[in-house]
Engineer: 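The structure is given below, and queries will be raised subsequently.
The sequence lines fix the lettering, A, B, ..., with proteins before strands; numbering per chain opens at 1. Only a predicted model underlies this, so the values are computations on that prediction, with no experimental measurement involved.
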Amino acid sequence: LSIRPFAERYRQALADSRLPRNLLAFQRAWRLTRDAAFQRLRSETGTSFDAARTHLVAAKDVVLADPVAARRAFVAAARSNGTQVHEVETAEEARTTILDLLRSNGVQLLAKGKSMVAEEIFLNEHLEGAGIRVVETDLGEWIIQLAHETPSHMVMPAIHKSRQQVASLFESQTGQPVPRDDVQAQVTLARAELRRAFLSAEAGMIGANALIAESGSVLLITNEGNGDLVSTLPRLLIVIAGWEKLVPTHADAAAQVRLLARSGTGQEITTYTTLINGPEPDCQLHLVLVDNGRTAMWRDPAARAALRCIRCAACADVCPPYQVVGGHVFGYVYSGAIGLVNTAFHHGLDADAGPQSLCVSCNACAVVCPVSIPLPELILDVRARVVEERGLPWYKRAAFAVWSEPRRFDILTRIAARTPGLLLSRAHRLLPGPWSWRALPALAKRPARDACLGRTFEPDSHGPWARSGARGLTVAYFLQCVADRCAPEQVDAALRVLRACGAHVLVPEGQHCCGLPMLDAGDLATARLLAKQTIEALEASAADYVVTGAASCAIAIMHDYARLLQSEPSWVARAERLAARTLDLLSFVARVADPPALDRVDGPAVTYHSFCQSTNVLDVGALGPELLRRAGVDPVALPEWDVCCGFGGGSSIDHPEVARGIVQRKLDNVRGTGASILATDNPGCILHLRGAAQAAGLDVQVRHIAEVLAQCLSR
Amino acid sequence: MLGVSSDIDLWTTFTAKAELLGAAVVRAHSEEAAAHLLHEATPRLVLTGSAAARFPSIAAQFARAGGDAAPEVAALAEFGVAETGSLALNEPRVDRGACFLADRLWLLVPHERIVATIDEALLQLADLARAGGSKHPLLMSGPSRTADIERVLTIGVHGPRSLVAVIVNSPVR
């Protein structure tokens with residue numbers, strides 16, 4: 001089976017208008033049931049999601065601390081149960097081992113349960129090419145087998161198919177008319193069709209959800225019952241699993257059971273939870289334990305954490321770009337955020353080059369991952385490898401050549417702002433072609449730095465927030481490129497809010513770009529250069545705090561610098577010292593200043609969108625509405641208020657069609673609130689949202705929260 | 001495991017959870033009452049060997065499960081799990097196959113056999129495997145289900161379309 005090139009898959013997904021609608025409904029339903037399931041876990045057993053995942057992470061990390069020992073223990077226990085274990089290094093070796101087993105047992109029909117590893121090694125094509133009939137018996141897998149496709153979701157393989165498409169596939173398989181809209185009838189047909197396979201197959205194959213080292217058992221977690229049928233009826237059973245499925249004990253397996261069903265489908269438990277402890281009498285049980293890049297993954301100290309994955313697909317279920325294009329595009333064989341990480345190891349960097357470029361770094365996946373895999377970081381690692389091998393796209397190379405040189409950047413942006421003929425200065429003009437959903441932001445004629453760089457501003461001595469917890473503190477303010485060059489009013493407002501809170505504010509000289517755009521693009525060398533320059537500029541100031549109204553850049557300083565500079569210990573120390581006194585504006589105002597609540601004032605309706613990373617990385621999303629309330633504004637709740645707006649740094653330039661899909665979801669939600677002001681906390685997102693709202697004709701002002709607060713305080 | 005004092009609470013929790021999963025739960029105050037109930041419901045029921053051995057009064061009224069698929073099968077559940085509303089099945093291969101191929105599966109569980117949590121349940125399953133019953137003990141939590149077509153929840157795709165838990169008060173054997 002050949003997976004078509006990324007560009008072709010991308011085009012095909014965009015041409016399917018039903019796909020994003022279905023996936024949006026799916027993601028919304030998943031979110032509700034998943035959250036409710038974890039709430040019940042907490043209320044009924046006292047176990048929080050965090051506690052449950054801490055347990056499972058610890059168990060997985062015991063294995064990852066010494067996988068050789070864990071494998072040895074498991075294999076010894078499995079063999080003592082009578083299981084014949086085949087440890088294989090490569091996909092080819094796995095396929096050959098399985099084919100030999102089937103041939104030597106005279107197998108003509110193999111009935112399969114669901115296995116992502118079998119998909120990973122393209123097993124079916126290989127076996128069928130060798131003359132062995134393979135029938136997938138999981139309903140979703142059977143559908144995609146009939147369609148000659150790979151799964152587009154690890155838990156719901158055929159989530160991209162409509163019931164009408166399923167009906168057509170079933171019709172061509174059975175030669176009978178199939179009801180096009182009746183899912184129950186389609187399932188009944190599958191029950192009858194696949195029953196023949198269960199009863200006549202000479203061999204069954206299943207995957208494993210966990211391999212329990214202390215007993216040599218295989219844990220199988222399913223809903224349909226096909227896994228138990230194929231592991232019970234034929235006398236030859238083959239289990240195929242990657243060794244990362246190892247857990248030390250049954251208690252650890254129980255922790256996985258608790259997390260997997262809730263994270264996968266929002267169920268408390270799936271229908272069947274089976275422990276396979278060796279062959280039944282007069283039967284054979286073979287376990288094919290696959291490496292296929294896992295050891296290479298383990299040797300990479302960062303990627304190692306990805307081997308904790310339990311294939312729940314929660315990372316796909318919250319992913320904004322996945323919702324727009326689906327798993328055939330946002331992934332390869334494995335889909336969702338984890339697919340963007342492990343594809344590089346199982347199928348090579350080329351297979352991952354397209355999919356990885358879709359990640360918007362919103363970090364929603366890391367929040368719901370039941371084994372705490374730092375997925376966004378690992379995707380950026382893959383991106384950096386792709387860039388190292390292939391270079392940057394020309395437009396990024398050209399932009400960064402200017403951007404990385406403070407003087408050149410300053411001069412060129414000033415010229416562009418004053419040159420009527422340059423595209424950049426044409427405000428509110430729609431962009432061409434695939435970018436036409438967004439009006440282009442204008443460069444300000446006078447950047448923010450002209451009014452404040454190198455200056456110190458005294459605090460307000462009067463005013464309702466003047467005696468807050470920030471009184472007497474000194475704040476060094478980081479301007480951030482977008483606000484500085486395109487939206488100086490945001491900087492002005494932020495400085496006013498800080499001063500209103502009683503802080504001295506200074507704006508250090510020598511500051512330029514924090515390096516986030518380059519880090520985001522995978523250009524680590526330039527990102528390091530700018531990170532060091534920013535550290536030098538900011539550490540020189542004798543301020544109590546470094547604050548910026550650009551939450552994305554605060555996060556770069558607070559969370560990314562130390563990792564970015566990890567090969568240079570002296571810089572790590574400097575990065576950590578800076579990070580320790582850096583805060584985004586929201587956190588500083590709400591937590592350090594902690595100003596008193598003012599009387600409510602009537603005004604235009606305001607709604608609040610939290611920059612995705614403010615919620616997902618800093619967990620400060622709720623501070624936005626809280627501060628608005630303290631300033632006398634009662635914001636209208638925005639549905640999906642913490643879901644990414646689609647800006648995603650450079651990804652909205654690389655994949656404008658995806659950004660368009662994501663921002664339309666956001667604008668639909670905003671439209672539903674009836675608010676006339678949309679406040680949020682990150683300049684890049686503000687310009688993106690403003691441009692999209694303008695192009696869509698949505699009458700809403702997009703403002704930095706500092707602007708709304710400053711206006712309240714000036715009343 | 002299998003405490004006594006809180007059995008009633010545990011079965012109450014079990015019942016609520018199992019019903020949420022789409023299973024039916026009935027109680028029989030004796031083995032004879034269970035036999036009567038089953039006979040009223042479905043005279044063509046067949047019993048697995050382990051259910052027959054555990055409940056002789058019921059076994060007397062029904063045939064044994066064989067190699068062929070039967071629409072109505074009753075099996076022994078080793079224990080219930082309160083946390084999840086699950087029942088543990090420890091049938092040898094052929095009888096287990098009959099359970100999975102049935103349209104309706106009756107799981108007969110002795111009243112004194114219940115554990116509180118999924119942790120205890122997995123440890124019990126491991127013990128059952130070591131004790132040499134089935135090599136593939138499992139927990140069943142409601143009827144077979146799928147949502148693979150457009151996320152529409154559909155019951156009874158491959159395994160039993162309906163699952164009935166019968167909690168039997170009977171002398172401990």
Side-chain angles (χ1 to χ4, degrees), chain A residues 22 25-26 29 44-45 81-82 137-140 143 156-159 161-163 166 183-184 186-188 190-191 194-195 198-199 212 215 217 219-220 223-226 228-229 231-233 250-251 253-255 257-258 265 268-281 283 285, chain B residues 13 17 20-23 69 81 83-86 88-89 91-101 103 116-130 134-161 163:
Chain A
N22 287 359
F26 165 62
E44 289 171 7
T45 71
N81 291 338
T137 61
D138 173 87
L139 180 60
I143 293 167
M156 317 268 275
I159 189 71
K161 291 271 184 240
S162 68
R163 61 188 76 185
V166 170
V183 172
Q184 176 70 60
Q186 293 171 359
V187 170
T188 303
R191 181 181 176 95
L194 290 168
R195 192 143 282 207
F198 294 128
L199 294 171
I212 304 170
S215 60
S217 321
L219 177 71
L220 181 68
N223 270 314
E224 297 186 356
N226 65 310
D228 289 274
L229 282 163
S231 60
T232 295
L233 298 180
H250 288 87
V257 168
R258 278 209 183 82
T265 55
E268 292 183 18
I269 189 164
T270 58
T271 307
Y272 306 109
T273 306
T274 304
L275 216 48
I276 295 177
N277 303 269
E280 297 276 15
C283 295
L285 171 56
Chain B
T13 308
K17 288 290 183 185
L20 279 177
L21 295 169
V81 187
E83 180 184 341
T84 52
S86 314
L89 195 74
E91 297 285 355
R93 190 176 77 92
V94 173
D95 279 349
R96 188 172 70 247
C99 291
F100 272 92
L101 291 168
D103 278 338
T117 67
I118 196 77
D119 300 66
E120 293 167 71
L122 284 191
L123 288 173
Q124 287 297 319
L125 288 189
D127 285 347
L128 288 172
R130 267 196 292 276
S134 160
K135 289 285 201 168
H136 302 187
L138 67 126
L139 301 177
M140 277 199 185
S141 314
S144 159
R145 61 177 59 209
T146 186
D148 272 355
I149 303 176
E150 289 192 14
R151 330 172 270 117
V152 177
L153 176 64
T154 314
I155 298 299
V157 53
H158 293 308
R161 290 178 160 126
L163 185 74

Engineer: For the pair Ser144(B) (side chain) and Glu224(A) (backbone), establish whether a donor and an acceptor sit closer than 3.5 Å, ignoring hydrogens and angles.
Structural biologist: yes

Engineer: Taking Asn223(A) for the side chain and Thr146(B) for the main chain, is one N or O donor matched with an acceptor at less than 3.5 Å?
Structural biologist: no

Engineer: For side chain to side chain contact (heavy atoms under 4.5 Å, CB included), just list the numbers for Thr13(B) and Glu44(A), CA-CA rounded to whole Å, side-chain angles, deciding distance to a tenth of an Å, and then say yes or no.
Structural biologist: CA-CA 10 Å; Thr13(B) 308; Glu44(A) 289 171 7; over 6 Å; no

Engineer: Indicate yes or no for a side-chain donor-acceptor contact from Arg96(B) to the backbone of Leu233(A) under 3.5 Å, with no hydrogens or angles considered.
Structural biologist: no

Engineer: Which atoms of Thr270(A) are under 4.5 Å from chain B, going by heavy atoms: the side chain, the backbone, both sets, or neither?
Structural biologist: backbone

Engineer: Which bit of Ala158(A) is near chain B, if near means a heavy-atom gap under 4.5 Å: side chain, backbone, both or neither?
Structural biologist: both

Engineer: Using the side chain to side chain contact (heavy atoms under 4.5 Å, CB included) rule, take Leu101(B) and Arg195(A) through it: C-alpha gap first, then chi angles, then the decisive distance, then the call.
Structural biologist: CA-CA 9 Å; Leu101(B) 291 168; Arg195(A) 192 143 282 207; 3.7 Å; yes

Engineer: If you round to the nearest 0.5 Å, how far is OG1 of Thr84(B) from CD of Glu268(A)?
Structural biologist: 8.5 Å

Engineer: Would you sort out whether Ser86(B) and Thr273(A) count as a side chain to side chain contact (heavy atoms under 4.5 Å, CB included), showing the intermediate values?
Structural biologist: CA-CA 9 Å; Ser86(B) 314; Thr273(A) 306; over 6 Å; no

Engineer: Do you know which of Thr188(A), Thr137(A), Asn81(A), Leu199(A) has the most heavy-atom pairs under 4.5 Å to chain B?
Structural biologist: Thr137(A)

Engineer: With respect to chain A, which residue among Arg145(B), Glu150(B), Arg93(B) yields the maximal number of heavy-atom pairs within a distance under 4.5 Å?
Structural biologist: Arg93(B)

Engineer: Check for a donor-acceptor pair, side chain of Arg191(A) on one end and backbone N or O of Gly156(B) on the other, with a separation under 3.5 Å.
Structural biologist: yes

Engineer: Sort Ala25(A) into side chain, backbone, both or neither according to what part of it lies under 4.5 angstrom from a heavy atom of chain B.
Structural biologist: both

Engineer: Using a 4.5 angstrom heavy-atom cutoff, name the option from Gly225(A), Pro157(A), Ala254(A) with the most pairs to chain B.
Structural biologist: Ala254(A)

Engineer: Non-hydrogen atoms of chain A under 4.5 Å away: do they reach the side chain of Leu89(B), the backbone, both or neither?
Structural biologist: neither

Engineer: For the aromatic rings, using the six-membered ring if either is Trp, is the centroid distance between Tyr272(A) and Phe100(B) under 6.0 Å?
Structural biologist: yes

Engineer: Let me confirm one number: the CD1-CG distance from Ile269(A) to Leu139(B), rounded to the nearest 0.5 Å.
Structural biologist: 5.5 Å

Engineer: Say you draw a straight line from CG of Leu123(B) to CG of Leu275(A); how long is it, rounded to the nearest 0.5 Å?
Structural biologist: 10.0 Å

Engineer: Measure the OG1-CE distance between Thr274(A) and Met140(B) for me, rounded to the nearest 0.5 Å.
Structural biologist: 8.0 Å

Engineer: Using non-hydrogen atoms only, which part of Pro160(B) is less than 4.5 Å away from chain A: side chain, backbone, both, or neither?
Structural biologist: both

Engineer: Measure distances from Leu220(A) to the heavy atoms of chain B and classify the residue's part below 4.5 Å as side chain, backbone, both or neither.
Structural biologist: neither

Engineer: What is the minimum heavy-atom distance between Asp148(B) and Gly140(A), and which atoms define it?
Structural biologist: OD2-N, 2.7 Å

Engineer: I'd like to know if the side chain of His136(B) reaches the main chain of Gly278(A), judged simply by a donor and an acceptor atom lying under 3.5 Å from each other, with no hydrogens or angles considered.
Structural biologist: yes

Engineer: Would you say the side-chain atoms of Arg151(B) pair up with the backbone N or O of Asn22(A), donor to acceptor, closer than 3.5 Å?
Structural biologist: no

Engineer: Give, for atom CG of Leu139(A) and atom CD1 of Ile149(B), the distance between the pair rounded to the nearest 0.5 Å.
Structural biologist: 4.5 Å

Engineer: Going through the checks in order, is the side chain to side chain contact (heavy atoms under 4.5 Å, CB included) test met by Asp119(B) and Arg258(A)?
Structural biologist: CA-CA 9 Å; Asp119(B) 300 66; Arg258(A) 278 209 183 82; 2.5 Å; yes

Engineer: Counting only heavy atoms closer than 4.5 Å, note whether Ser162(A) contacts chain B via side chain, backbone, both or neither.
Structural biologist: both

